[in-house]
Amino acid sequence: MKKTGLLLAAIAAVGLGCGKLAHLDQAVLDAVKGKVEETVKESSKQPPPSAPTPSTPSEAPQNPIVNAVKETISGDPDRDLKDELNGYVECINRSQSRAQQSYDRYLSWVSKSGPNCNEPYITYGLYSLYDDSIERCNKAAKRGAEGAPALPAAEKAATDLAACNAELVPLVKKASDYYDQQDYKDDKCAKAKEMHPQLIATFEKCFAVAKTLTAEVDVLKADLDKRELAKLEAQGQSFQAGTLKFLMGAKDLLKTINTSGQGAVVSKDVYTPKCLELEKTFQALDDYGTAHKDEVDKTFWGSAFISSAKEFTSSAKFLRRALDEGKDPRSEAQSFIENYNRMIGDSNNLRF
């Protein structure tokens, strides 16, 4: 069987402890923040819809960006941004991780040129996808299109991903059923050969769109996380602040891993200093949790998160040591990503 590449990394959640808004991972550019905040100010100057007043040339907004931005939902730009990004994160995580697993499963036994139905591992077929990912992605795309803030690039990518995912889910189910029931024995592989080009093309189209959306979300979330952390630290040391700081460091370390399947998996010179810094960050979080056990116990999923963060940090150390010893790092990198994904799943359950 052919080897597949490294796992797709899940996207983390931020806004930790904000109830239904607890889903994020990196944040907003200063420029975007400025546009959103300006929108809030402008919309507050406008008369209520029930009592419109004619605008004069001197009253018209001078910034064309403001005209294009939608009305705010909560009155808090960061809260609106967090809400929109959370939907995108949920869509990506629910649809793409499973799609990548299914794609890798399929290509573990079939060649890119297509099946001949004599493959020794044809019964592996491919994994069916999550039906509820269609609803989640459609909901996220609708929220982005209709609500504030206006994020044109992200909203287009979300709409494209929702449409692509809605096409992929039934297509993969059809193929999965076909191989599970070994229908290729009845039609002499005709349907297998017919489905193959569409399967590959649709998988890869969805991956490309998801990559675009993920990049947009990462950029927007990075600055949002920084602002959130600054607010938390201004309130004093806390488990919530330590958790967010660790997640930001983990994401930064993840970025040093090359999951493309081409070139070196990781550069020792880039990875090592970031890993050592993350080890210190985890130790500070763990020490704080030990000294403030009551605070951790009051946090829903708090102890579970610390356990998975510890496992992830250990896998990061093993990868660092493999690089130090000049070993092939691919196995450790795979474990690194698997533990990262588990940790992100736990972080998305946190409620402070």
Side-chain angles (χ1 to χ4, degrees), residues 8-28 32 36 39 68-103 127-173 202-203 205-221 224-225 228 300-301 341 344-351:
L8 184 71
I11 301 183
V14 168
L16 301 169
C18 297
K20 294 182 179 179
L21 297 180
H23 289 79
L24 289 174
D25 185 17
Q26 281 191 343
V28 178
V32 174
V36 176
T39 304
V69 178
K70 305 161 210 167
E71 183 179 353
T72 59
I73 294 175
S74 69
D76 180 343
D78 277 356
R79 186 179 178 85
D80 287 345
L81 176 66
K82 187 184 298 183
D83 186 44
E84 182 166 341
L85 294 183
N86 280 343
Y88 298 156
V89 168
E90 188 172 341
C91 167
I92 293 167
N93 284 346
R94 188 61 175 169
S95 66
Q96 295 308 293
S97 294
R98 184 64 171 178
Q100 186 70 56
Q101 291 170 357
S102 183
Y103 178 80
Y127 299 127
S128 59
L129 307 183
Y130 299 130
D131 289 338
D132 65 346
S133 67
I134 295 177
E135 180 182 357
R136 295 189 191 193
C137 289
N138 287 343
K139 180 179 178 182
K142 186 174 186 292
R143 159 66 181 86
E146 297 179 356
L151 307 171
E155 288 157 13
K156 182 182 185 306
T159 299
D160 290 345
L161 179 56
C164 189
N165 184 61
E167 177 184 354
L168 182 64
V169 170
L171 178 62
V172 170
K173 183 181 186 305
T202 308
F203 267 124
K205 179 174 68 173
C206 291
F207 293 151
V209 176
K211 184 177 180 180
T212 298
L213 179 58
T214 299
E216 290 292 328
V217 169
D218 278 349
V219 169
L220 293 167
K221 280 173 82 299
L224 183 57
D225 281 347
E228 182 79 9
F300 180 76
W301 221 258
N341 285 344
I344 293 309
D346 283 327
S347 77
N348 288 343
N349 288 330
L350 285 167
R351 298 294 183 272

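Since we're looking at a predicted model, the values are computed, not measured.
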Least distance between heavy atoms, [X] atom then [Y] atom:
X    : Y    : result
R94  : Y130 : O-CD1, 3.3 Å
C164 : T202 : SG-O, 3.8 Å
G87  : A140 : O-CB, 3.3 Å
C137 : A162 : O-CB, 3.6 Å
A99  : L129 : CA-CD2, 3.7 Å
L161 : V209 : N-CG1, 3.4 Å

Test side-chain contact (heavy atoms from CB on, under 4.5 Å) applied to K82 and E228, step by step
CA-CA 11 Å; K82 187 184 298 183; E228 182 79 9; 3.6 Å; yes
Could you check whether any side-chain N or O of D83 sits under 3.5 Å from a backbone N or O of R79, counting only pairs where one atom can act as donor and the other as acceptor?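 It does not hold such a pair.
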task = Give a yes or no answer on whether the side chain of S102 reaches the backbone of R98 with a donor-acceptor pair at less than 3.5 Å.
result =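 Answer holds: no.
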Hey, what do you get for [atom1] ([X]) to [atom2] ([Y]), rounding to the nearest 0.5 Å?
X    : Y    : atom1 : atom2 : value
E146 : E155 : CD    : CD    : 10.5 Å
S97  : I344 : OG    : CD1   : 11.0 Å
L168 : S95  : CG    : OG    : 9.0 Å
K211 : D218 : NZ    : CG    : 12.0 Å
E216 : L85  : CD    : CG    : 10.0 Å

Is any side-chain heavy atom of [Y] closer than 4.5 Å to one of [X]?
X    : Y    : answer
E167 : K205 : yes
Y127 : Q100 : no
L151 : E84  : yes

| field | Pair K156 + D160: basic N to acidic O under 4.0 Å | value |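 Yes, K156 and D160 are salt-bridged.
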